[in-house]
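Quick notes on the structure that follows.
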Amino acid sequence: MRLASVRALTAVSSLLFGAAAWRLGPHTASDFAAQAQTSQAQAAQANTGQAQTAKPAVSSPAATAPQLQPASLTTSKSATIPDPTLPAPGTELYTAKHGEAIPTIARHYLGRTAYLTSSELADAIRAVNHKSDTANILKANETIVIPGILAAPITEHTIPVPKDFEVRAVYLTGVMAASDHGIRIIKHWREVGGNAVVFDIKDSDGSVNIPFDYPLVGEHKVYIHDVPKFVHFLHQQNMHAIARIAIFRDERLVVAHPELAVQSRRNHAAWRENGKLVWTDPSNPKVQDYDIALAKHVAQLGVDEIQFDYVRFPAEGDQLDAQFVFQKDAEPATAHGGADASSAHVGTDAFVRPATLSEAKGSVSAADRYPGNATASASPNSSPEEPALSERSESKGAGCESPGRKPRVASKTGNKSRRAGSKNADGSKPCSANVHVARGPQRSDIIAGFLKRAYAELHATGVLLSLDVFGVMAWQRQVDLSHTGQDIVQMAKYCDVLSPMIYPSHFFGMDNIPHPGDEPAHFIGESMDRFELITKGSGVVIRPWLQAFHWRTKTYSPEYIKIQVETAKNKGGIGFLFWNAANDYSKPFIAMPEMKEANAKQKDRFFRGDEISTATIQAALTPAK
């Protein structure tokens, strides 16, 4: 009985469990099947109710089986979680460290972006990340977008133009060109009608503003970090890019390598000009190689024109004591009393950066140079050597008088400095009478030889070559030629453009005009006449440097600018360059629109208005495939 009861209970239990298993089996299978079949749909459409609504939940131990769904659902969700955020093309994500600032990040990324300045990039970072204009500090682990990332460094190509292309340019120091203010100047200049910019690659203090790997350069402060990017910007503005290089006046180089300086015959050490160690020896092959290497390097970065300044020998200081490589073991060639050599130059070397302005002022005073003209003073808008030239009188003790005025001034302005010398119409003695003719090669031969080589090597790159020269050189006086070596007739053979510095204010003491700075028409006209005459038939273009500063003139104004431009054009000049040491072009900014308006009424009254063709620009900016 007991055994039979046990068997009966076992049979009944087996039937009950079998029935339960049969009933629950289809539900569980369908539920998981549904989940497996709709896992992607669940993530995309949140459609997870199909299995849940197929049958009501079962209140039995087996009903706990669906509780395995979370594992299945987790797998399903993980399959649809989006990938980590990816930066859009041209951008990059950056995770900030605690307390890190946007300007710091901008400086770090600048070289990899299309932006020209770090502040410009910082503003873009704030904008794309929806930050306020004053936002700077970021939170730890905050992710921000860096815009403007370049896929590859910018490469730029020279945009060729004929040498008589009418350039309308302003000058910028290397420091200014690389700044936000400089970019604003460029854009404004373009807006008012300018079509070119001259910017420093190397100034007369020897500072090289760009990256340049050369044994003689060494470590140096760089301002224009990416020349192709900067030139690309100019080309986008339809502007002609002119890279200025101060050649033989190079203080940085001679301080580091005194063996490359002009040497003193007296003490066999580096020669100093009025106490300053600033001049390399123009005839030293290593110096020439360095300058040409720098010029070629820049030409290959996409600039359109290379401009040489200070292409001459030193013209001040004790000339009898100065010895050069080309004249070793030879008797020095100099004018009698040539220790001052002042008559030989005018301000030929165009301009000086604001940073070296005080240094220029610190050279020998006008009173020392002109015992009878203590009013002369260094111009804040001339090159370091310019003041000296302008403050100099004729060579001391030489008995050489400049026609029309005793002290001649000139200054880098290419000023016609002693225009007085005008054929000695006033009866003054011609300076050439006091010149001692040296044997062997002359300084002018060295300059011409250097330019012949440089011109050949640079032209192969497609750039134009222009030269800044003393305005006084148009007078072709032997004393000037013997000191500077700037023989305009020879130099014209090895360049495309000559840019004489003819700032009216630097002609003090000439033509019996008490205030030459207030007679722009007279001095610009006379200078241009002489340069056109001396270069006639050479094919060289005369593109003058004009005065854009108020030194020694009470009439500096937009009208003053217009008079210079119109006079230069009427006298054969093609285009013009404005010089201001502080890069302040407020007056030209006003004058340019007025000249453009006048041109509309009287065709080409002030300038032709040449522009680089849009097609040429677009072709240059289109990446090669």
Side-chain angles (χ1 to χ4, degrees), residues 201-208 212 214-221 245-295 308-334 338-342 344-345 348-349 352-353 355-356 359-360 362-364 383-389 412 438 440-447 449-451 453-454 482-486:
I201 292 296
K202 178 165 78 81
D203 198 8
S204 63
D205 61 358
S207 57
V208 178
F212 182 50
Y214 194 85
L216 294 179
V217 178
E219 294 185 6
H220 61 289
K221 179 68 174 178
I245 301 176
I247 300 298
F248 298 128
R249 191 183 193 280
D250 191 325
E251 181 178 1
R252 189 178 185 279
L253 183 60
V254 294
V255 168
H257 298 278
E259 73 278 7
L260 299 181
V262 177
Q263 299 299 302
S264 168
R265 293 174 182 276
R266 191 164 39 243
N267 58 31
H268 304 290
W271 178 84
R272 294 173 181 271
E273 180 184 62
N274 298 325
K276 293 185 177 181
L277 179 61
V278 295
W279 279 96
T280 63
D281 181 346
S283 63
N284 190 310
K286 291 183 179 180
V287 172
Q288 294 190 5
D289 289 347
Y290 165 52
D291 286 318
I292 291 178
L294 176 59
F308 282 175
D309 196 2
Y310 289 86
V311 194
R312 67 175 180 83
F313 280 74
E316 294 187 74
D318 186 353
Q319 293 288 304
L320 289 173
D321 184 47
Q323 175 153 6
F324 307 90
V325 169
F326 84 94
Q327 62 179 192
K328 282 185 177 179
D329 301 324
E331 182 181 354
T334 113
D340 184 56
S342 84
H345 36 307
T348 163
D349 309 40
V352 66
R353 354 176 8 160
T356 59
E359 174 183 311
S363 54
V364 179
S383 64
E385 57 186 347
E386 168 181 322
L389 294 179
K412 114 163 267 85
Q442 302 298 299
R443 294 186 183 188
S444 57
D445 297 323
I446 301 303
I447 296 300
F450 166 74
L451 290 176
R453 175 188 165 198
S482 66
H483 286 134
T484 66
Q486 289 191 333

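A salt bridge does not link Arg272 with Asp318: every distance from a Lys NZ or Arg NE/NH1/NH2 to an Asp or Glu carboxylate oxygen is 4.0 Å or more. For the pair Arg453 and Asp289, the salt-bridge criterion is met [side-chain N within less than 4.0 Å of a carboxylate O]. Taking the charged nitrogens against the carboxylate oxygens, Asp205 and Arg252 have no contact shorter than 4.0 Å, which rules out a salt bridge. Salt-bridge check for Arg266 with Asp321: passed, with a basic side-chain N closer than 4.0 Å to an acidic carboxylate O.
Judged by distance alone, the side chains of Glu273 and Trp279 do bring a donor and an acceptor atom under 3.5 Å apart.
The aromatic rings of Tyr214 and Tyr290 are tilted relative to each other, their planes meeting at an angle between 30° and 60°.
Looking only at distances, no side-chain donor or acceptor of Thr280 sits under 3.5 Å from a matching main-chain atom of Pro282. Judged by distance alone, with hydrogens and angles left aside, the side-chain atoms of His220 form a donor-acceptor pair with the main-chain N or O of Gly218 at under 3.5 Å. With Gln327 contributing its side chain and Val325 its backbone, the two residues share no donor-acceptor pair below 3.5 Å. In this structure, the side chain of Glu251 does not engage the main chain of Arg249 through any donor-acceptor pair within 3.5 Å.
Taken from CG in Leu260 to CG in Asp281, the straight-line distance is 8.5 Å, to the nearest 0.5 Å. Between atom CD of residue Gln319 and atom NE2 of residue His483 there is a gap of 5.0 Å, rounded to the nearest 0.5 Å. Between the CG atom of Leu216 and the CG atom of Asp250 there is a distance of 9.5 Å, given to the nearest 0.5 Å. In this structure, CZ on Arg265 lies 4.0 Å from CD on Gln323, to the nearest 0.5 angstrom.
In this structure, the side chains of Phe326 and Asn284 stay at 4.5 Å or more apart for every pair of heavy atoms. Considering only heavy atoms from C-beta on, Ser204 stays 4.5 Å or farther from Asp309 through its side chain. With contacts defined as side-chain heavy-atom distances shorter than 4.5 Å, the pair Phe313/Arg443 qualifies. When side chains are defined from C-beta on, Ile292 counts as touching Phe450, because their heavy atoms get closer than 4.5 Å. Two residues are said to be in side-chain contact when any heavy atoms from C-beta on lie closer than 4.5 Å; Gln288 and Ile446 meet this criterion.
With respect to Lys202, the side-chain contact (heavy atoms from CB on, under 4.5 Å) criterion is satisfied by exactly one of Ile245, Ile247, Val217: Ile245.
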